[in-house]
Amino acid sequence: MLVGDGMADRPVGELGGRTPLEAAGTPNMDDVVRSGQLGIARMVPPGFPPGSDVAVLSILGYDPGRYYTGRAPLEAAKLGIELSGELVAFRCNLITAGDGRIADYSAGHISSSEAAELISFLDRELGEDRIKFYAGVSYRHICVMEGDHLAGLNCVPPHDVVGQSLEANLPQGRGAEGLVRIMRRSYDLLRDHQVNRARVGRGQNPGNMVWLWGQGKAPALPSFKDCYGVGGGVISAVDLVKGLAKLIGLDPIEVPGATGYYDTNYEAKTDYAVKCLDRESFVLVHVEAPDEASHNGDLEEKIRAIENFDRLVVGPIKERLAREPAFRMLVLPDHPTPIELRTHSGDPVPFALCGHGVERDEAEAFDEQRASGSSLRFDDGYRLMEHFIKGKEC
Ligand SMILES: [Zn+2]
């Protein structure tokens, strides 16, 4: 199962009304379609926040309506944090604040080592029995607090409000004052930290504030093997995907050079996926780069990321699978990230499925427009996994 995060889009004026997926050269994904089926699936149920957390639950075959508790608990699982009792995990972004606005949701994609220094400093200054900070990857960290009511707060994802006022987007609801206090204090503590002075000196965005969002308590998930009868591994640079893998009993495989950004090591991900298939039945490869390009509004980079995914991941893995007596392959985005919006949407996504026992349909290429006309449609996207793994034969 190969996932190009945020790959799906809407027609773009600059591309003459084509989508990035239509404009990109994707011979391998088109080949999957031509040798199998093109379908469409809604991975974000109506009323849910259109994020990778909800969408990745769906693509792995778990009904978000039943199992979703928030993004942060999945990322906390990756970091080995146990959320017992009244503990609530928050995603804690290192952001760049400036002129009362959210200038950058990622603090210039700050390095994990610089971020770890800032987060451990914050934990020393602001941490206590009921508040703890844990460093993750790049700008993505976790803050754990005690209090069931905090799970119900209204928190805004910072990548949705880049360029907007800080004040207008602070958390709201019962108990929000505590969070707001932490976020304001973090700015006072971080803005003149030596790590940030050095970043500004190099012309990089500083991680001068933390932004708390995506909170929830631990979800209760049955294992993937119990649900679908196979085990395997998950390859991703993104903690929420690795955390979810851990929670459902799949192996979160560490890959050197997997950054979750444009420069991610596609070849290494492919190598590790192939090695995983030598010993396991199932592997999911998740590539974040098209999503990041969309958040940055960078059309050229999005097309390049889709082409890299096609050439360096889909192509070689399909070639490897072709040697198997029986295999199935599913290629899809988790959710669209329309470049015009610069954030996720809950629109249905196209998927391409080929392999053993999969009947061929008429479709010729992998894109949103063709998929939207397909009769192979999953309004409950989580049901696609059953179709993928078991299909008609079961
Ligand atoms: Zn995204």
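For ligands, and for the atoms within them, numbers begin at 1 and follow the listed sequence.
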query: Mind checking who shares a hydrophobic cluster with Leu87, ILVMFWY linked at side-chain heavy-atom distances under 4.5 Å?
result: Leu79, Ile81, Leu83, Tyr134, Ile142, Val144

- request: Run the ring-centre check on Tyr139 versus His109 and record whether the distance is less than 6.0 Å.
  value: yes

- request: Could you label the plane-to-plane angle of the Phe224 and Tyr62 rings as parallel, tilted or perpendicular, counting under 30° as parallel and over 60° as perpendicular?
  value: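 If you compare the ring of Phe224 with that of Tyr62, the planes turn out tilted.
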
task: Using a cut-off of 2.8 Å, find all protein N, O or S atoms closer to the Zn ion (ligand 1) than that distance.
output: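 Hits for the Zn ion (ligand 1) below 2.8 Å: Asp291 OD1, Asp291 OD2, His295 NE2, His344 NE2.
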
- prompt: Considering only heavy atoms from C-beta outward, does the side chain of Gln172 approach that of Leu153 to under 4.5 Å?
  reply: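 The answer is no, as the side chains (C-beta and beyond) never meet within the 4.5 Å cut-off.
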
message: Show me the pairs that pass ring pair (Phe, Tyr, Trp, His ring centres under 6.0 Å) and involve residues 292-325, at least two apart or across chains.
response: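 Residue pairs with at least one partner in residues 292-325: Tyr105-His295, His159-His295, His295-His344.
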
Summary of salt bridge (charged side-chain N to carboxylate O under 4.0 Å, His left out) pairs that have at least one residue in residues 218-235, sequence neighbours excluded: none

